[in-house]
Amino acid sequence: MALATPEVTDARLMAAVLAQRDTRAFSELVRRHEQGVRAFLRQLCRGRLDLVDDLAQETFLKAFQRLHQARDGARLRQWFNGIAYREFLMWQRAAKRYGEVLDEVARQPEALHEPDPASLELDRLLGVLSPSERTAIVLSHGGGLSHSEIADALELPLGTVKSLIARGKARIQAAFATPAEPSMSATGAGGC
């Protein structure tokens, strides 16, 4: 079977991996989903490409070991993102305090993460969020997952995901809202 053809579904590739430990089939799954996982991790890691590489590698290694736990091929993207998120959380715990790690990232030479203006703006917006709010918003808006898909990927109740997204949006709006212009009557320039 030619693995890279569109008619070969993720479910068929998963079946080949599970039945025969077919590493070529798993490599095709990685090829199909790696870009999305890396984009998600880039947002979580705030531009630290070395960390993204490490976490992506760990994500796919764990996925290969646990492919039997995946529900079906249709939800594979969110399953990979869920593993990536848990890998990120484990790294975060091991780093002791996230704030110290972010300070270290900020001190690194620009060549390591070469930010562009758009990613700097996105990083600034996401910087006001808690890690769980940031993750939910990145999966929703950056990853295109529905609230229920995010709940499955992060193993959270649907209501919690909705709350995280709503609270995150409100925090971004509050942090970056421009103060309202004073009205004419409030300035005393109302006329004679």
Side-chain angles (χ1 to χ4, degrees), residues 3-4 6 8-98 101-102 105 113 119 122-123 126 129-165 168:
L3 299 177
V8 177
T9 64
D10 285 353
R12 285 185 63 194
L13 291 169
M14 285 176 58
V17 175
L18 292 172
Q20 303 142 359
R21 298 293 279 177
D22 186 340
T23 56
R24 286 184 355 180
F26 188 75
S27 293
E28 177 60 20
L29 287 171
V30 170
R31 188 194 65 74
R32 291 179 180 188
H33 296 281
E34 183 176 26
Q35 185 176 6
V37 168
R38 286 180 176 279
F40 172 56
L41 286 169
R42 268 193 302 279
Q43 294 303 318
L44 291 177
C45 298
R46 303 178 79 172
R48 250 191 90 181
L49 297 180
D50 59 328
L51 183 56
V52 170
D53 290 341
D54 291 346
L55 293 176
Q57 184 175 1
E58 283 300 314
T59 295
F60 289 113
L61 178 63
K62 292 253 170 72
F64 183 74
Q65 295 167 344
R66 300 177 183 162
L67 195 61
H68 64 279
Q69 296 173 348
R71 291 192 187 128
D72 60 34
R75 296 177 178 242
L76 198 55
R77 178 177 67 157
Q78 68 201 46
W79 186 71
F80 282 140
N81 282 339
I83 294 171
Y85 178 63
R86 286 185 290 284
E87 287 299 311
F88 171 75
L89 289 178
M90 287 190 325
W91 167 81
Q92 191 178 32
R93 280 186 220 111
K96 300 225 175 159
R97 292 191 308 214
Y98 191 55
V101 173
L102 291 180
V105 170
H113 49 276
S119 67
L122 182 60
D123 192 47
L126 295 175
L129 303 176
S130 71
S132 55
E133 292 165 343
R134 182 172 42 252
T135 301
I137 286 178
V138 166
L139 284 172
S140 176
H141 294 284
L145 297 180
S146 70
H147 291 175
S148 61
E149 290 172 329
I150 295 168
D152 286 346
L154 302 181
E155 298 177 352
L156 293 172
L158 180 59
T160 301
V161 169
K162 289 180 178 182
S163 294
L164 288 170
I165 291 172

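Residue numbers count from 1 along this sequence. Any value given below was found using the heavy atoms of this structure, including those in side chains, with hydrogens, waters and symmetry copies removed.
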Apply the test side-chain contact (heavy atoms from CB on, under 4.5 Å) to residues Glu34 and Val37: give CA-CA distance (whole Å), side-chain angles for both, the deciding distance (0.1 Å), then the verdict.
-> CA-CA 5 Å; Glu34 183 176 26; Val37 168; 5.8 Å; no
Minimal heavy-atom distance between Ala136 and Leu164, with the atoms involved, is CB-CB, 4.0 Å
Nearest 0.5 Å please: distance from the CG atom of Leu13 over to the CG atom of Leu29.
-> 4.5 Å
Thr135 side-chain N/O to Pro131 backbone N/O, donor-acceptor pair under 3.5 Å | yes
Side chains of Arg32 and Leu76: does their closest heavy-atom pair fall under 4.5 Å?
-> no
Measuring from Glu58:CD to Met90:CE, what's the distance to the nearest 0.5 Å?
-> 7.5 Å
Which heavy atom in Ile165 sits nearest to a heavy atom in Ser140, and how many Å separate them?
-> CD1-CB, 3.8 Å
Whether over 12 other heavy atoms sit under 6.0 Å from Gln35 CD | no
Nearest 0.5 Å please: distance from the CG atom of Leu126 over to the CZ atom of Arg46.
-> 7.5 Å
Would the number of heavy atoms belonging to other residues, nucleotides or ligands and lying under 6.0 Å from NZ of Lys62 be above 12?
-> yes
Is the closest basic N to carboxylate O distance between Arg38 and Asp53 below 4.0 Å?
-> yes
May I ask you to decide if Gly82's main-chain N or O and Arg86's side chain share a donor-acceptor pair within less than 3.5 Å?
-> yes
Straight-line distance of Arg66 CZ to His68 NE2, nearest 0.5 Å = 8.5 Å
Is there a donor-acceptor pair under 3.5 Å between the side chain of Thr160 and the backbone N or O of Leu156?
-> no
Evaluate the side-chain proximity of Leu139 to Gln43: yes if any heavy-atom separation is below 4.5 Å, no if none is.
-> no
Please round to the nearest 0.5 Å and tell me the distance separating atom CH2 of Trp91 and atom CG of Leu44.
-> 10.0 Å
Polar side-chain atom of Gln78 near backbone of Arg75 as donor-acceptor pair, under 3.5 Å | no
Atom pair CG/CD of Asp22 and Glu28 - distance to nearest 0.5 Å | 11.0 Å
Pair Asn81-His33, side-chain donor/acceptor within less than 3.5 Å | no
According to the interplanar angle, ranging from 0 to 90°, do the rings of Tyr85 and Phe40 count as parallel (below 30°), tilted (30 to 60°) or perpendicular (above 60°)?
-> tilted
Do you know which two heavy atoms are closest between Ala84 and Thr59, and how far apart they sit?
-> CA-OG1, 3.2 Å
Please test Asp152 against His147 for side-chain contact (heavy atoms from CB on, under 4.5 Å), starting from the C-alpha separation and ending with a verdict.
-> CA-CA 9 Å; Asp152 286 346; His147 291 175; over 6 Å; no
Are the side chain of Glu149 and the backbone N or O of Ser146 linked by a donor-acceptor pair below 3.5 Å?
-> yes
Heavy-atom pair of closest approach, residues Val17 and Ala25 = CG2-CB, 3.7 Å
Looking at Leu129 and Gly168, what are the two nearest heavy atoms and their distance?
-> CD2-O, 3.2 Å
Here the pair of heavy atoms bringing Leu55 nearest to Glu87 is CD2-O, 3.7 Å
